Amino acid sequence: MNTINRDNFPKITPSIIAGIVLILIGVIILVTDFLDSIVTSILWPILEGSSEGKTVLFLGILGSLLIICSIIRQSPWLQKKVYRFENNQRPYVASVIIILIICGLVGLLIEAYIRSQFGVGFFTILTSMDPNTSTTSPMHSHIYKSILGYLSYNFVPMHVNTASSILSYGLPYSLIIIPVWIFSYICGVIGISQMKTHRIVSLFALTLALIGILDGGIFSQPFLIGIFILLCTYYSNGEFSIRKLNIGVLNNAVIVMGYMLLVAMIIEVGGSDTELHTLTVINQTEPVDMSQFDVISTEVDGDKTIYTLNTTMPDKELIQEVFSTFQSKADLTFMSWNFYTYF
């Protein structure tokens with residue numbers, strides 16, 4: 001009679017326990033209001049304004065990575081199957097970094113494509129009104145988030161903004177995020193599991209990068225933080241620690257990040273309209289009260305109504321006013337931005 005060899009089963013390690021706890025906290029936050037404000041406040045600085053959905057995503061991804069990493073490290077059979085690079089994690093981490101950056105750049109191209117379809121400029125913030133208000137822009141893209149929102153529609157509470165109203169405008173090109181995200185998750189956990197030290201830091205970085213590419217895109221704070229730490233992981237040859245963060249490692253990581261931040265600043269500052277705001281409304285169905293916007297001129301071009309605004313209202317507040325003014329009265333709006341209003 002065959003007996004089960006318990007040595008073949010993974011042991012319950014502290015990493016597995018931590019992973020289970022994180023996932024359970026995420027589930028609790030998703031289905032109740034308990035712990036919501038506490039955890040989101042803690043994660044706010046690294047997630048660029050943590051919402052309930054982003055918090056649950058962070059806890060779920062990091063928790064699952066901790067569990068899978070521990071299982072891989074305990075299984076010689078799994079290690080034999082997944083490691084093809086002569087016991088070297090660097091190609092896996094490099095693949096994740098490269099494909100996520102390329103995917104982020106593709107996201108910018110999709111943003112440009114959407115605007116070209118409506119005949120508006122690239123340097124604009126898109127606001128979609130139906131069925132709920134969602135925004136996307138080159139500096140903070142929700143194109144890929146809309147795919148996640150569609151896939152999670154049946155089990156995400158209604159009050160969580162999934163950017164689903166943007167979904168149709170990015171299809172089919174935004175579907176690229178599905179294979180890219182799965183590939184990055186698998187390659188990332190395989191490569192990091194092989195690291196000698198400080199795996200948790202790298203799993204944390206991978207989690208941020210995977211969240212950032214979905215919610216915010218290539219220039220989002222989580223994505224930039226995650227990619228920077230993964231670059232340090234790559235250049236320190238899998239031994240991420242303070243001792244390994246020498247000048248050479250930091251220089252290489254900083255150079256890559258420097259180019260990304262330079263492009264971000266060129267788009268953010270160079271694309272700012274510092275004198276006026278141009279608001280293009282698509283398929284406006286009824287007149288609206290525009291008195292609060294200080295409208296200089298109005299032009300109608302087919303299904304587009306173009307308002308020129310002379311307002312000193314900060315962009316964040318202005319977007320909120322656009323939400324409330326045009327909800328249920330238009331399909332989309334495109335508004336130019338002014339970076340300097342955030343100061």
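Remember, predicted model here, so these are calculated numbers, not experimental data.
- The minimum heavy-atom distance between Ser165 and Ser134, with the atom names listed, is OG-OG, 3.2 Å.
- For Phe122, there are no ring-ring contact (aromatic ring centres under 6.0 Å, His included) partners, not counting sequence neighbours.
- Of the options Asp315, Asn338, Asn310, a side-chain hydrogen bond (donor to acceptor under 3.5 Å, both in side chains) to His277 is made by Asp315 and by none of the others.
- Contact of the Asn252 side chain with the Tyr234 side chain is not registered, since no non-hydrogen atoms from C-beta on lie closer than 4.5 Å.
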_As a quick check of understanding, evaluate side-chain contact (heavy atoms from CB on, under 4.5 Å) for Tyr113 and Ser116, giving each step before the final call._
CA-CA 5 Å; Tyr113 167 76; Ser116 70; 4.3 Å; yes

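- A donor-acceptor pair under 3.5 Å links the side-chain atoms of Tyr144 to the main chain of Cys103, judged by distance alone.
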*Test side-chain contact (heavy atoms from CB on, under 4.5 Å) on Ile147 and Leu167 and set out the steps.*
CA-CA 6 Å; Ile147 301 295; Leu167 176 66; 3.5 Å; yes

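- Here the closest non-hydrogen pair linking Leu230 and Ser202 is CD2-O, 4.0 Å.
- No donor-acceptor distance shorter than 3.5 angstrom exists from the side chain of Thr278 to the backbone of Ser336, with no hydrogens or angles considered.
- At a threshold of 4.5 Å between side-chain heavy atoms, the hydrophobic network of Ile, Leu, Val, Met, Phe, Trp and Tyr places Ile182 and Val106 in one connected group.
- Thr308 places no side-chain N or O within 3.5 Å of a backbone atom of Ile296 that could act as its donor or acceptor partner.
- Side-chain atoms of Ile227 and Leu231, non-hydrogen and from C-beta on, do get closer than 4.5 Å to each other.
- Remark: Ser291 pairs with Asp289 by the side chain to side chain contact (heavy atoms under 4.5 Å, CB included) rule, at least two apart or across chains.
- Counting non-hydrogen atoms of other residues, nucleotides and ligands closer than 6.0 Å to CD of Glu275 gives a total of 12 or fewer.
- The shortest side-chain heavy-atom distance between His140 and Ile125 does not fall under the 4.5 Å cut-off.
- Inter-residue side-chain proximity for Met290 and Leu309 is flagged as met; some heavy-atom pair is nearer than 4.5 Å.
- Asp273 contributes a side-chain N or O that, together with a main-chain N or O of Leu276, makes up a donor-acceptor pair within less than 3.5 Å.
- Using cut-offs of 30° and 60° for the angle between ring planes, the Phe123 and Trp337 rings count as perpendicular.
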*Please lay out, stage by stage, how Met335 and Thr124 fare under the test side-chain contact (heavy atoms from CB on, under 4.5 Å).*
CA-CA 5 Å; Met335 189 184 75; Thr124 52; 6.0 Å; no

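- For the atom pair CD1 of Ile114 and OG of Ser174, the computed distance is 7.5 Å after rounding to the nearest 0.5 Å.
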*Report the C-alpha separation of Ile282 and Lys304 in whole Å, then their side-chain angles, then the decisive distance to 0.1 Å, and conclude whether the side-chain contact (heavy atoms from CB on, under 4.5 Å) test is met.*
CA-CA 5 Å; Ile282 309 297; Lys304 295 188 293 186; 3.5 Å; yes

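- Closest approach of Ser184 and Leu210 over heavy atoms only: CB-CD2, 3.8 Å.
- To the nearest 0.5 Å, atom CD1 of residue Ile213 and atom NZ of residue Lys145 are 14.0 Å apart.
- At a threshold of 4.5 Å between side-chain heavy atoms, the hydrophobic network of Ile, Leu, Val, Met, Phe, Trp and Tyr places Phe219 and Ile99 in one connected group.
- Side-chain contact between Leu126 and Leu332 is present, with at least one heavy-atom pair separated by less than 4.5 Å.
- Counting only residues at least two apart or in different chains, ring pair (Phe, Tyr, Trp, His ring centres under 6.0 Å) contacts with residues 281-324 are absent.
- Applying the side chain to side chain donor-acceptor pair (under 3.5 Å) criterion to Thr325, with sequence neighbours excluded, gives Gln292.
- Between the CG atom of Leu171 and the CD1 atom of Ile166 there is a distance of 11.5 Å, given to the nearest 0.5 Å.
- Residues in residues 97-107 take part in no side chain to side chain donor-acceptor pair (under 3.5 Å) pair, two or more places apart or across chains.
- Taking both residues in full, the closest heavy atoms of Val322 and Met129 are given as O-CE, 3.9 Å, listed atom of the first, atom of the second, then distance.
- Two residues are said to be in side-chain contact when any heavy atoms from C-beta on lie closer than 4.5 Å; Ile192 and Met195 meet this criterion.
- The shortest distance between side-chain heavy atoms of Leu208 and Leu47 falls below 4.5 Å.
- Judged by distance alone, the side chain of Ser141 and the main-chain N or O of Ile143 form a donor-acceptor pair under 3.5 Å.
- Using a distance-only test at 3.5 Å, with no hydrogens or angles considered, a donor-acceptor pair links the side chain of Arg73 to the main chain of Ser193.
- Hydrophobic cluster membership differs between Val295 and Ile306, with clusters built from Ile, Leu, Val, Met, Phe, Trp and Tyr side chains linked at under 4.5 angstrom.
- There is no side-chain donor-acceptor pair under 3.5 Å between Gln327 and Thr133.
- Atom CG of Leu203 is separated from atom CZ of Arg199 by 8.5 Å, given to the nearest 0.5 angstrom.
- By the 4.5 Å heavy-atom criterion applied to side chains, Asp215 and His142 are counted as neighbours.
- If you chain together hydrophobic residues whose side chains sit under 4.5 Å apart, Ile176 and Ile101 fall into the same group.
- Among all heavy-atom pairs drawn from Ile211 and Lys54, the shortest one is CG2-CG, 3.8 Å.
- Atom CG of Leu318 is separated from atom CG of Leu279 by 7.5 Å, given to the nearest 0.5 angstrom.
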List the atom pairs, with distances to 0.1 Å, where a side-chain N or O of residues 56-72 and a protein N or O form a donor-acceptor pair under 3.5 Å, not counting sequence neighbours.
unit_1 : atom_1 : unit_2 : atom_2 : d
Ser64  : OG     : Gly60  : O      : 3.2
Ser64  : OG     : Ile61  : O      : 2.8
Ser64  : OG     : Tyr185 : OH     : 2.7
Ser70  : OG     : Thr13  : OG1    : 2.7
Ser70  : OG     : Gln74  : NE2    : 3.2

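- There is a path of hydrophobic side-chain contacts, each under 4.5 Å, that joins Ile12 to Leu22.
- Nearest heavy-atom pair, Ser95 versus Pro91, reported as atom, atom and distance to 0.1 Å: OG-O, 2.7 Å.
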